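Treat the numbers as computed from the prediction; the structure is a model and nothing was measured. Positions are given from 1, in the same order as the sequence printed here.
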Amino acid sequence: GRMKRLRRHGHESQRDRLKQELFQFNKTVEHGFPHQPSALGYSPSLQLLAIGTRSGAIKLYGAPGVEFMGLHDENAAVTQVHFLPRQVELVTLLDDNSLHMWTLRAHKGLSELLEIGRFTLTGPPGAPPSVTRVTAVLAHSSGELLLLGTEGGHVFIVEVPGFRELEERNISLDQISSSVPNDYIGRRNLEHVEALQENPVNPNQVVIGYGRGLMVIWDLKKRCAVQHIPATQQLESVWWTEDGSYILSSHSDGSYCRWMVGEEDMNEEEEKSDIPYGHFPFHIILIHGKTHVALDFTSRIIDFFVIREDPSALVVLVEEELVAIDLQTEGWPVIQAPYLVPLHSSAITCSHHISVIPLKLWERIIAAGHLQNTHYSKKPWPITGGQNLAPDPPQRDLLLTGHEDGTVHFWDASGVCLYPLYKLSTAGVFHTDADPNDNMNQGTEGEWPPFRKVGCFDPYSDDPRLGIQKIHLCKYSGYLTVAGTAGQILVLELNDEAAEQTVEAKVVDLLQGQEGFRWKGHTQLDVREEPVLFPPGFQPFALVQCQPPAVVTALTLHSEWKLVAFGTSHGFGVYDYQQKNSVLIKCTLNPSDQLAMEGPLSRVKSIKKSLRQSFRRIRRSRVSLRNRVMHAPSLYCLKCSILSNLHCCLAEMELAPVQRKIEARSSDDSFTGLVRMLYFADTFLSDSSHHTPSLWAGTNGGCVFAYMLRFPPVEHRADEPEIQLMHRAPVVGIVVLDGRGTPLPEPLEVAHDLARSPDMQGSHHLLVISEEQFKVFTLPKVSAKMKLKLTAVDGSRVRRVGVAWFGSSRSEDYGENGLLVLTNQGDVHVVSLPAVKMQVHYPCIRREDVSGIASCVFTKHGQGFYLISPSEFERFSLSTRHLVEPRCLVEPPPQSGTSTQHRPRPAYRYAHSEMLFYYGSYYILTVFMRLSSLPRNASQDGGHDAGKVFFRGL
């Protein structure tokens, strides 16, 4: 007994060590565009971009692959971000009035973003909150001071990084008021501090701009005012020209003014002002000589900055995307971004991941994508800070996202940056409400200022029926099938040349003449009857239209057999896309009549008995479903069911402590005929000597249908053998394991020498995954071999499954297949194959995040993606070998001398709406956005009056 215990303990220890070599959970990187951005910062010395969000996140970006993320503990929006000049620190201001210091600290050769301090201004006892409510921040070029302007008109000076307030150097409102001429103070209240800017040639001088228009040049060393600029209009922003000779101010009436900097105060009449566009509503304006362009965004502007180093660019953060404008190339084209691309340019409706893409297919997709990107600038991405130290990706991976507007986006998901490669549009196949002559990028002749639409965010769909619901790509043949909201299934092939062709629709009636049912939903899309010119890339050549035109809920493609299987809430079908002919149509609707005939006792039958009887009947039948020509398969049908809710049978079983009895589901559950999954497999159905192609379908009501496909002889249809429904837990996955217990390879995978041939000598096994249990049967005898019930003290149910290969972190030659499982609780599990034993489980997604759980997609190497917002994917990994995460280093910039010629300009304040920016011979101007930007309190909605102007510059 002692020896047995020792051996058992040894086996358990060995298994634990093996798990450590195979499995490890990490959330690695966030792809896409930050949700609800609220602040923007840029460090010219580090060449890093920073974005703060309303949820309190702070994200830094440099060269492609250089990314950092931090999260404030406070549940407050980030309203301002400022880098300390020539340092690796930055300061964030939240809308709860707290300031936070962050640093990029090196650890083991890599940088990490850490919060190292926080600070909140405190006023004298009894003072109102406005005294210390921060409205403007200036990071002084010394890197040692922060100037904080407040709502009460005071300026506090704080030493950094320790956040020590230098009370003796503070600038009070009384000090300012006492130095301003009485006639000016008597006419108006100064209001809040709107702007703080440092003299680029004299770091001892700063200009303090007040909301009512007054600007005061203050000497920090002498601690006194040296000049007053009495503007008459509400101040929006200020900027100091590069040589320090002039101050530019922008105002609420649409004007901007230039003021000479001198030793004496100026009169109001001495200002040089201009109102170039009055109160016209437009967005950012670029002016160079006589050339003007109005950049028209589809979401409101948050902030922008200009990069003056080559390539010089205007970088604009709007609410839904980041856009970089090339200022050196004629026409000011957009520079394509390597990251922060808006995944949600149209709402994401589904996703599909393909691992290890063959080089030839990869190159053809990239070539097709290049032809779509000719409108982009040839200049490289201008933000290049940090070093990307991550190794090159070991393989080429694709992530395909389907969208509401009928497009499919192809993304390079091999590394840290989710980079756009190619976009497929299916709208051209159908008649939609879109006007082909409606070009938003072109302004009408004589329009002033000339508008130009920029960015790719477009939240409006021409027709929601175009929405893509399912995607399947065969990486070996290049065949792609996509299915949509209105029952449309397109089959496409990759073509390197443009082609004009007609796409004919094959209508499939899934109701099969069923009476008493009337479709009350949307109509099908109208297919264009005339030839359509399709650009290089994936081009449709076959179309199946389901009737009724319900959402397609399941889709799979077998490129070797030239078949596509599809399913809706009414049934499923098989389509031969080589011969363009329907092979199979099966209605799954009408469950109530069958359930009524079942009776209460039929639900306690053994699953083993029901499956075995079904296969015996199908072996006796040996007839086909439909007449076909030589290429096409004939079909045998089996309708079987999986035991998951049988009280009597389960009551007799001894359950492990981690398992539970599965409750019976009501027969009144809706959508029991909805098809959840479809699966092609070459396995044993009729007998143990002959393996044949087969199709498997699982429904929401717990039914499994199996069809045997035979290609050569033509036979006649006979009656379908059927077995009544034995349980109602939805079937979410089916996997056939070969004689070695290995999942069957993908179509054409063996032909391309990328997988070994399946073992057809030993017996095959069928793994059926319902929402509540995993059960393995032998084929073709259909003997129940083993099962695993999901731990469900908290009501866990399976939501997503996928087969993955887990390689060992210690031995390149060792690895195991496993089944990835995501539950409705947001937990991810790994189940061993073929033993079907729970290996590891980790919390991954919040159980309240229903959309995140529904969006999850697994990869073939133990990774996964899910949406954490409409615009962002969270990437995670359960594999110790396959891990994609940022590995980067940011070193402090070299400390230059004190020469003002090379001193970086001070950090600028966060702008709220309209701005003007003078850069060399460029003016960058906005006057009243149609979609106003965030108000000062970024956690609240609001806007500003028309006609305001802001200054911005370097």
Side-chain angles (χ1 to χ4, degrees), residues 331 333-334 336 341 345-346 352 354 357-378 396 398 400-403 405-412 419-442 453 456 458 461-463 466-468 471-484 488-506 525-545 557 559 562 564 577-580:
V334 173
Q336 188 171 18
V341 181
S345 54
S346 174
H352 177 63
I354 311 100
I357 303 296
L359 179 60
K360 178 136 192 215
L361 176 63
W362 186 266
E363 291 174 340
R364 294 178 69 192
I365 292 174
I366 290 177
H370 283 166
L371 297 176
Q372 299 176 333
N373 297 331
T374 56
H375 60 287
Y376 284 116
S377 169
K378 303 300 182 186
R396 295 171 293 272
L398 276 177
L400 276 58
T401 53
H403 297 262
D405 62 355
T407 59
V408 178
H409 292 239
F410 289 62
W411 307 89
D412 179 357
Y419 187 77
L421 298 179
Y422 166 74
K423 182 175 78 171
L424 162 69
S425 176
T426 63
V429 179
F430 308 98
H431 290 286
T432 63
D433 297 331
D435 182 358
N437 297 319
D438 182 16
N439 189 345
M440 292 293 291
N441 291 321
Q442 300 297 327
K453 185 178 182 296
C456 59
D458 183 7
S461 172
D462 297 328
D463 192 327
L466 290 168
I468 305 297
I471 306 170
H472 192 107
L473 171 67
C474 175
K475 61 186 178 184
Y476 304 111
S477 65
Y479 283 111
L480 169 71
T481 181
V482 298
Q488 71 273 23
I489 300 101
L490 283 166
V491 187
L492 309 95
E493 61 181 338
L494 190 56
N495 193 339
D496 299 328
E497 304 292 335
E500 187 175 35
Q501 58 196 38
T502 302
V503 182
E504 297 182 1
K506 173 68 175 179
L525 288 162
D526 295 328
V527 182
R528 294 184 184 273
E529 297 179 356
E530 69 277 11
V532 178
L533 179 62
F534 296 103
F538 284 94
Q539 299 171 350
F541 65 91
L543 169 63
V544 178
Q545 178 60 58
L557 175 145
S559 52
K562 304 295 189 293
V564 169
Y577 60 81
Q578 181 171 356
Q579 296 194 20
K580 298 186 179 179

> Would you say that E493 contacts F538 through its side chain, given a criterion of any heavy-atom pair below 4.5 Å between the two side chains?
no
> In Å and rounded to the nearest 0.5 Å, what is the NE2 to OG distance from H409 to S346?
7.0 Å
> Could you check L466, D526, V532 and say which one makes a side-chain contact (heavy atoms from CB on, under 4.5 Å) with F430?
L466
> Return yes when atom CD of E500 has more than 12 non-hydrogen atoms of other residues, nucleotides or ligands closer than 6.0 Å, and no otherwise.
yes
> Are side-chain heavy atoms of K475 and P358 found at a separation under 4.5 Å?
yes
> For F534 and E497, what are the C-alpha separation, side-chain angles and deciding distance, and is it a side chain to side chain contact (heavy atoms under 4.5 Å, CB included)?
CA-CA 9 Å; F534 296 103; E497 304 292 335; over 6 Å; no
> Which atoms form the tightest heavy-atom contact between P540 and V429, and what is the distance?
CG-CG2, 3.7 Å
> How about T426 and I468: do any of their side-chain heavy atoms sit closer than 4.5 Å?
yes
> Kindly give the heavy-atom pair with the smallest separation between A498 and L533, and that separation in Å.
CB-CD1, 4.3 Å
> If you round to the nearest 0.5 Å, how far is OG of S345 from NZ of K423?
6.5 Å
> Going through the distances and angles, do F541 and Q501 end up as a side chain to side chain contact (heavy atoms under 4.5 Å, CB included)?
CA-CA 8 Å; F541 65 91; Q501 58 196 38; 4.3 Å; yes
> Determine whether H472 and L557 make a side-chain contact, defined as any pair of heavy atoms from C-beta on separated by less than 4.5 Å.
yes
> Quick one: pull up CG in L525 and CG in L543 and give me the separation to the nearest 0.5 Å.
9.5 Å
> For I471 and T401, which heavy atoms make the closest approach, and how far apart are they?
CD1-C, 4.0 Å
> Any side-chain heavy atom of H431 sitting closer than 4.5 Å to one from R528?
yes
> Flag the pair W362 / L421 as yes when at least one side-chain heavy-atom distance between them is below 4.5 Å, and no otherwise.
yes
> Count the heavy atoms of every other residue, nucleotide or ligand shown that sit under 6.0 Å from CD of E529, and state whether that count exceeds 12.
no
> Okay, side chain of T481, backbone of L490: is any donor-acceptor separation there less than 3.5 Å?
yes
> May I ask you to test the L494-L361 pair for a side-chain heavy-atom distance under 4.5 Å?
yes
> Take the angle between the ring planes of Y577 and Y479 and call it parallel below 30°, perpendicular above 60°, tilted in between.
tilted
> Would you say the side chain of P420 lies within less than 4.5 Å of the side chain of F410, judging by non-hydrogen atoms?
no
> What pair of heavy atoms forms the shortest contact from L398 to L400, and how long is it?
CB-CD1, 3.9 Å
> Between atom OH of Y476 and atom CD1 of I357, what is the distance when rounded to the nearest 0.5 Å?
8.5 Å
> Working to the nearest 0.5 angstrom, can you tell me the gap between E504 CD and Q545 CD?
14.5 Å
> What closest approach, in Å, do P536 and L371 show between heavy atoms, and which atom pair accounts for it?
CG-CD1, 3.7 Å
> Rounded to the nearest 0.5 Å, how far apart are SG of C474 and CD1 of I354?
10.0 Å
> Side chain to side chain contact (heavy atoms under 4.5 Å, CB included), that's the test. Do D496 and R364 meet it? Break it down for me.
CA-CA 7 Å; D496 299 328; R364 294 178 69 192; 3.0 Å; yes
